[in-house]
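Letters A, B, ... are given to chains in the order of the sequence lines, protein chains preceding strands, and every chain is numbered from 1.
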Amino acid sequence: MTDQRLRELLEERVADVTTIDLGADAWSRASAVRRSRRTAAFAAVAAVAVVAVVGATTAVVTGGDDNPAPPPPATSPTESAPGPKAERAGTYGGVPVWWAPPADQEADLPRLTGSELPERIDLSARGGGLPAGIRAVALFQVDDDRHRFGEPPEGVVVLGSDGVTYAMDASRVEPISIGSGNYIPLPIVSAESLSPDGRYAFFLESESLEIYDFGTATWTTLDLGRTYIEARWQGDLIEVTSVGIDLDVSRYTTEGRRVYSSSELPESYRGPTRRDEPYGRVARLVDYGAQARHLAGSVTTPDGAAVRGVDAVAAGGYSEPDTLLAMPFETGGGRWNQCCPVVGWLDLETVLFESRHDDARVLAWRVGTPDLFQVSEVVGWTPGEESYVASFAALD
Amino acid sequence: MTEIRGDEEAFRRWAGERQLALLRTALLLTGDHHRAEDLVQDALTKVALRWRRLADGNPDAYARQIIVRDNISGWRKRRRELVVAEPADRGTPDPASGVDRRLLLDAALAALTPRQRAVVVLRFYDDLSERDVAELLGVAVGTVKSQTHLALKRLREAAPELADLLREEI
């Protein structure tokens, strides 16, 4: 099929299309929107300015207010909110790079509401109390190294769809053992633990997975009989990758039944260069993907300096990124190494990611634009003494 | 008031000249006339809202960008709900027939992802450069190239009858 023939086919396909006059109606609708905006502006609480809507239920409001007004009718998705912005500068591996504002400006970012994540996620819940029948939005494990000594793992916290954090008793899970009573200091929660629908979670053991059903509050053991290098959800199945004599990729139901086996590795998220170190989960939505990575090469900052060792959120294409959001270096504090694992896509324009530093947050980036938003603060842990693992359900 | 009336007249003049082209682009992007009209209507409304800022710039590009991006977002929301019944067997389509050729093209375009479809329509119908398509979609030029390659490959696979006919016509 030549380019010219394709042109002709496309032109032929729409050659007989005629239209009624849409312009007059569009002007009338725009006038009505202007009027409703003026009315909303008069009625709004002073200092609260709702400036944009992302999707049908997600609104962006300016930061610093705990009681945002309800959003007005949807406006252009390209409209910006006031506050710190990402700045476009340079490319990396041919991919355009945006630079996020420094961590200490995050509190001034406009707030994005309407996702299932609350403004504040408190990880201090302890001692059980997780009811049956909830759906989880996120699963955390505050990592205090207790499991290193063979004691039952603690610090597992569930964020329910009701916005409440619950302590979860995961003492049933055996910390990963290397024999002779030695335990590898790894958390039992991984970034992949929570199922996309928030109904199940798996917890890591040496040669098995413990699967928890939030609906019935029951556990199932998935005995793999071998060590594995990765476990993650593929829809409502758990995909386990292990390497023995051969590579094996098997998928299991939540009841522990194997329904698929392959010797091919699942598709990864590549680039921009092979030397970059990806981390955290790959989040996919339709034909978009996103994953955080530690960039191996040098990147040019907005002030023209070339820097190395930059963390970035890579997002866009299904298998490789179209664009990067780089995290600037800061003196005195700032984001941590591997600060920014991807949380997931909120819609086809917006990716959520963690920003880990002493005041950890979940942020949102309207991919390929300067627009950044704060979503949640993560509190109830002790920076410097503790860290945490987080796993999120699908938020789109 | 006079200024507003002048804006409205200028907008209507622009919309009158451009809406058919935008509708045709939207139809190629969606394959659905009603959906295409909705997309154009929304895009024109958004252009009207910003008419003073856009009038001296490039309202065409802005409108096209809204149509493409809204279509991709809308497709995601519809995807899980849409259940298409198996079509009745209508026999082998004849690419020499204009009607069958149209059906074949519709089916082939439907095999593309929304972004691949957008790349094909913007490159080969709207005749935009790779750089312009990249800017409109907010992606790198290399991505436009790779998506174009993938899209054309998938088009050929989805409509071999069409591809064969075209080869014979060359």
Side chain from CB out, backbone as N, CA, C, O: work out which of these in [X] comes under 4.5 Å of a heavy atom of chain A, or both, or neither.
{"X": "B:Val47", "result": "neither"}
{"X": "B:Leu20", "result": "both"}
{"X": "B:Leu109", "result": "side chain"}
{"X": "B:Arg12", "result": "side chain"}

Hey, what's the ring geometry for B:Phe11 with B:Trp51, parallel, tilted or perpendicular (30° and 60° as the breaks)?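 Perpendicular, since the angle between the ring planes exceeds 60°.
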Side chain / backbone / both / neither for A:Thr91 at chain B, heavy atoms under 4.5 Å: neither
Among side-chain atoms of A:Asp276 and A:Thr273, is any donor-acceptor pair under 3.5 angstrom? yes
SB check A:Arg135 A:Asp197 (cutoff 4.0 Å):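 No, this pair does not count.
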Ionic contact status for B:Lys153 with B:Glu157, cut-off 4.0 Å: yes
Check the surroundings of atom NE2 in B:His149: do more than 12 heavy atoms from other residues, nucleotides or ligands lie under 6.0 Å from it? no
